[in-house]
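Each chain gets a letter, A, B and so on, in the order the sequences are listed, and its residues count up from 1.
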Amino acid sequence: MTEQTQVERPTTYDVHAVQDKWLKVWTELDPFRRIDDGSRERRYLLDMFPYPSGDLHMGHAEVFALADVIARYWFQQGYDVLHPVGWDSFGLNAENAAIKRNEHPAEWTYKNIEKQAESFRRYAISFDWSTRLHTSDPGYYKWTQWLFLRLFANGLAYRKASAVNWCPQDQTVLANEQVVGGKCERCGTEVTKRELTQWHFKVTDFVDRLLDDMEALKGNWPDRVLTMQRNWIGRSEGAHVDFRIVGVEEEAGSRQARPAAEDEERPERVDATPASGERPEKVTVFTTRPDTLFGATFFVVAADAPLAAQLCAAEQREQFDAYREQVARVTEIDRLTEGREKTGVFLGVFTVNPVNGERLPVYAAEYVLADYGTGAIMAVPGQDQRDWAFAKKFDLPIVRTVQPPDDFDGEAYTGEGPAINSANDQIDLNGMDVDAAKSAIIAYLEQAGTGRGTVNYRLRDWLVSRQRFWGPPIPIIHCENCGEVPVPEESLPVVLPDLRGADLQPKGTSPLGSATEWVNVECPKCGGPAQRDTDTMDTFVDSSWYFLRYPTPNDDTQAFDVEAVRRWCPVDQYVGGVEHAILHLLYSRFVTKALHDMGYLDFVEPFTALLNQGEVTNQGRGMSKSLDNGVDLGEQIAEYGVDAVRLTMVFAGPPEDDIDWADMSPGGSLRFLQRVWRLSGDMTSEPEVEFSGGDVTLRKMTHRTIAEATHLVEAHRFNVMIARVMELVNAARKAIDTGCGPADPAVREAAETVAIILSLVAPYTAEEMWERLGHPATVAKVGWPRTEESLLTADEVTCVVQVQGKVRGKLQVSPSISDNELQRRALAELSVQRAIGSSTVRKLIVKPPRVVNVVLE
RNA sequence: GCCGGGUUGGCGGAAUGGUAGACGCUGUGGCCUCAAAAGCCAUUGUCCGAAAGGGCGUGUGGGUUCGAGUCCCACACCCGGCACCA
């Protein structure tokens, strides 16, 4: 800064100089390291760790600013805080960048990590930098592989063939959770199906606990996340009902053998179905409406389910094959289109309705899903709209089993009502309401052995194989003699081979397969020739356990230290975006439960409390390159400084609400910080002065602000907390200029209070203030201010006097004023007298010291 | 369709059943200045009124209450999730 500008702007707060100055000091002080010596109560605050694509952006600026308020508040409260930092550094972006630049994905990855690390330091997040980890380090993914092997050893990781989601763009399979609206969550390409043998984690083993344990999260997790998980798990109560199978002209049991040729055409299907040539004796369906069983008039199996091929009669084979091919060509997107016309083909067989012996023609159709329930349904067109549409198209009979109301003019009736047409010589549901009829029919089916009450889930097992390079190799060796052989723990990590650039070009199978030397190994069991599994794991596996690694991030003898994890975990407060509601959060919950059952953890939920910040948008839309409405964090910081950006994020509104940057005023934030900074230079009292002799009115305001700020931070109502601090700043300003003056100790007390509270949000300004107030660094750990009880009670409060519920006057009264005194003073008010006029007072509501209401005749 | 959340000035948002609009942004007027920027002061829901003062106001319609943005019932709209899920 030149002499000239010094003269022109003598009292201007130079944010960038202040930033540079304190960043150096803090780096040396390193004030936010966990102590972990048992001297203080421990708290674990976790931000969802960033993915290193480019530099930090506005979204990061929001979430880390919000979480940092909590972390810094905990530091001020004297807790031993674990606030770790790390990077979710495996993943497709790095790989695609590497192909484009003809280099190794690690180059792009670690360069970006360094960039983000530097930005984090400047952004002054209170991280414990000694925790730093990267999931792409062999020292980390060694233990991701260990986790895989533990799951494998406990029967929770297995390989199966199925029709899986395939992204043609990324050339890899995807988990169900990564398919959003039929499109790849990452690149937006329409997902297709492929028949592949892939590794899965058995999430479904935990389905009831994933659901039930959410009870304990209620109130501490956002409702919408719990709802999303509940929806995703998709629990529905109903029944399994067994149907016998009969041919066109024959009774059950006497089946024709099918031509052998059929099975040769579909060798990949044998694993999921009974041995070829055999016919199932019965087919089971899942239904949530067993009460409508008497109304079943036909039967549908998913066209792409093995069951359909198995049931199909020889004479219908040709038609069925044609239909199945047609269905396979339909993309997920088209299939999901609402009101899509029903298609299907008769399979040449019938099932027998167990309650009335009716023969139901069996169809294959695409509207029945292969991977939900049993892949087969009993069709009740009278009570199900989809079945109705199919029945109309194929001219099938429709029977109502629930009486619709008289004014019902729809097609299928899905509402409540008394059962009709639902009786045989052993059971009579007629007249029962839906719930009663369900119970009755289930009891009947169970007793008859043709069905049972059951619960069905939408949740599928987690598909973890990926045909891409930049992830942890699956630590399995395939041996012709021994099958799937786990890599011995002492041989971990299975380090990625050195591939780069064009080697990584996606081609539908894993790039690892081309690293011949890497692939071909000895079987650890028999020593014979064997091959490594060439797939890598989904990056969500890396992040499903990282919170366990942070207490001991550099331990090369174990994934995590059981004792350290016992001390720090579960995470007390997790902060991150709602986009992970059913991906990362569900997987982490699963892994936690699995590790708990293996005896490693003494808790079953990883994250005690969860805060979802909103999204930062610009002009009402998410920032994106294609919309060209991106706001650059670096530019914002260059213009307004770190503190003003942080303050704007935190003051914008409730943390969970979206922030439209176009509606925000970082300039206003900066002005406030300048006012605050100026305030700290206006004291004329000494740093050691006793506050007790200070101006009582201002002192009361200061202490009320402390009390409120405490409560507001804990309730995560940071925007209101800042409003209270602003009020205190305004009051202190007024006190200096036109009140008790700059020498009064109360003014110093107010300024110091502002500095400490503001250290949660605007650390640079707070530190600079603290120094100007005559104190050594760092304000971040001086301790949360204490309130004095005697200063929290007001001398006077405003009492509102209403007439007929309308405010007609205000009184300044003592908080301890009596009923009689308050009533007397209220009625003596001129404005109140005028409002009453000539009317008669019927009733007086007197609630000292807040309100008096005069009720007239 | 099912589940969850919401609807308050020009804008972001405040309000244990008791002063609706705190705090801030924007706008307007003024001070300072040769001028501008910065800063400071006043004002800023709406209608009537010169003013004093008064009427109306928290998506809509009912209800409970001395008193409702807040509680209850019904509805509309918006956002998010799930969805040919049987």
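Glycosidic conformation, B:G12: anti, with the torsion outside 90° of 0.
Per the geometry, CG belonging to A:Asp304 stands 13 Å off P belonging to B:C84, to the nearest Å. Following rounding to the nearest Å, A:Trp677 (CH2) and B:A38 (C1') show an atom-to-atom distance of 13 Å. Atom C1' of nucleotide B:G81 and atom CG of A:Asn612 are separated by 13 Å, given to the nearest angstrom. With rounding to whole Å, A:Gln802 atom CD is found 11 Å from B:G18 atom P. Here the P atom of nucleotide B:C82 and the CZ atom of A:Arg224 are 13 Å apart, to the nearest Å. B:C11 atom C1' lies 15 Å from atom CH2 of A:Trp661, rounded to whole Å. One interatomic measurement links the two molecules: CE of A:Met214 to C1' of B:G4, which rounds to 12 Å at whole-angstrom precision. Protein atom CZ of A:Arg850 is 12 Å distant from nucleotide atom P of B:A20, rounded to whole Å.
Where A:Gly373 and A:Val807 each meet RNA chain B at their nearest nucleotide, the meeting point lying more 5' is that of A:Val807. In terms of position along RNA chain B, the nucleotide closest to A:Arg842 lies nearer the 5' end than the nucleotide closest to the other residue of the pair A:Val578 and A:Arg842.
Under the Watson-Crick or G-U wobble criterion, with both distances below 3.5 Å, B:C71 is paired with B:G63. The base-pairing partner of B:A36, taking Watson-Crick or G-U wobble contacts with both distances under 3.5 Å, does not exist among the strands shown. Across every strand in view, B:U46 sits in a pair with B:G55 that passes the Watson-Crick or G-U test at under 3.5 angstrom. Here B:C2 sits opposite B:G81 as a Watson-Crick or G-U wobble pair (both hydrogen-bonding atom distances under 3.5 Å). Under the Watson-Crick or G-U wobble criterion, with both distances below 3.5 Å, B:U7 is paired with B:A76.
Other residues, nucleotides and ligands contribute over 12 non-hydrogen atoms within 6.0 Å of the NZ atom of A:Lys393. Atom CZ of A:Arg850 is surrounded by 12 or fewer heavy atoms from other residues, nucleotides or ligands within 6.0 Å.
Taking atom C1' on both B:C47 and B:A42, the two are 23 Å apart, rounded to the nearest angstrom. B:G29 and B:A38 are spaced 16 Å apart, taking the P atom of each and rounding to whole Å. Here, B:C75 and B:G27 have their P atoms 44 Å apart, quoted to the whole Å. Going from the P atom of B:U44 to that of B:U28 covers 16 Å, rounded to whole Å. The gap from the C1' atom of B:C23 to that of B:A14 amounts to 7 Å, rounded to the nearest Å. Comparing B:U7 with B:U60, their C1' atoms sit 11 Å apart, to the nearest whole Å. Using P as the reference atom, B:C84 and B:G18 are 46 Å apart when rounded to the nearest Å. Look at the P atom in both B:U16 and B:U64: the space between them is 25 Å, to the nearest Å.
Residue A:Thr287 is classed as a sugar-phosphate contact, given heavy-atom separations below 4.0 Å to backbone atoms only. The residue A:Arg808 sits close only to the backbone: its heavy atoms come under 4.0 Å of sugar-phosphate atoms, none of a base. Contacts of A:Phe672 with the nucleic acid, taken as non-hydrogen atoms under 4.0 Å apart, are absent. Using a 4.0 Å heavy-atom cutoff across all strands shown, A:Pro222 reaches no nucleic acid atom at all. If you check every strand for non-hydrogen atoms under 4.0 Å, A:Asn853 touches a base. Residue contacts for A:Ser665: at a heavy-atom cut-off of 4.0 Å it reaches the sugar-phosphate backbone alone, with no base atom in range. Within the 4.0 angstrom heavy-atom criterion, base atoms lie near A:Val800. Across all strands shown, A:Lys843 has heavy atoms under 4.0 Å from sugar-phosphate atoms exclusively, and none from any base.
No donor-acceptor pair closer than 3.5 Å links the side chain of A:Asn618 to the backbone N or O of A:Trp661. In terms of modelled atom types and a separation under 3.5 Å, the side chain of A:Ser831 and the main chain of A:Arg808 share a donor-acceptor contact.
Checked against B:C66, B:G24, B:C84, the side chain of A:Tyr367 finds its nearest nucleotide in B:C84. Nearest nucleotide to the side chain of A:Glu366, out of B:C84, B:A86, B:G13: B:C84. Checking B:A86, B:G13, B:G12 against every side-chain atom of A:Met664, the shortest atom distance belongs to B:G12. Distances were taken from every side-chain heavy atom of A:Met228 (C-beta onward) to each of B:G80, B:C40, B:G13; the shortest belongs to B:G80. For A:Val368, taking side-chain heavy atoms from C-beta onward, the closest of the listed nucleotides B:A86, B:A14, B:C84 is B:A86. Of all nucleotides listed (B:A14, B:G18, B:C82), B:C82 comes nearest to the side chain of A:Ile582. Side-chain atoms of A:Met726 lie closest to B:C23 of the nucleotides B:A20, B:C23, B:A83. Among the nucleotides B:A14, B:U19, B:A86, the one closest to any side-chain atom of A:Val720 is B:A14.
Between A:Arg678 and A:Asp682 no salt bridge is recorded (no basic side-chain N to carboxylate O distance below 4.0 Å).
In this model, no side-chain donor or acceptor of A:Gln385 finds a partner on the base of B:G1 within 3.5 Å. A:Asn231 contributes no side-chain N or O that forms a donor-acceptor pair with the base of B:C82 under 3.5 Å.
Regarding contacts with the backbone of B:A86, a side-chain N or O of A:Tyr372 is found under 4.0 angstrom from either OP1 or OP2. For B:C56, one of the phosphate oxygens OP1 or OP2 lies less than 4.0 angstrom from a side-chain nitrogen or oxygen of A:Lys806. Within the structure, every side-chain polar atom (N or O) of A:Lys847 is placed at least 4.0 Å from both OP1 and OP2 of B:G18. Using a 4.0 Å cut-off, no side-chain N or O of A:Thr414 falls inside it from OP1 or OP2 of B:G1. Of the side-chain N and O atoms in A:Asn730, one or more sit less than 4.0 angstrom from OP1 or OP2 of B:G24. The phosphate of B:G24 (OP1 or OP2) has no side-chain N or O of A:Arg671 nearer than 4.0 angstrom. A close approach under 4.0 Å does not occur between any side-chain nitrogen or oxygen of A:Asn456 and OP1 or OP2 of B:A86.
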Going through the distances and angles, do A:Phe298 and A:Phe394 end up as a ring pair (Phe, Tyr, Trp, His ring centres under 6.0 Å)? CA-CA 10 Å; A:Phe298 58 103; A:Phe394 289 85; 8.3 Å; no
Would A:Phe672 and A:Phe651 count as a ring pair (Phe, Tyr, Trp, His ring centres under 6.0 Å) here? Give the steps. CA-CA 12 Å; A:Phe672 168 70; A:Phe651 183 56; 8.1 Å; no
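A cation-pi contact links A:Lys342 to A:Tyr367, judged by a cut-off of 6.0 Å to the six-membered ring centre and 45° from its axis.
Looking at A:Thr204 and A:Asp461, their side chains do bring a donor and an acceptor atom within 3.5 Å of each other.
When each of A:Asp291, A:Thr292, A:Thr287 is tested with A:Arg289 by the rule side-chain hydrogen bond (donor to acceptor under 3.5 Å, both in side chains), just one qualifies, namely A:Asp291.
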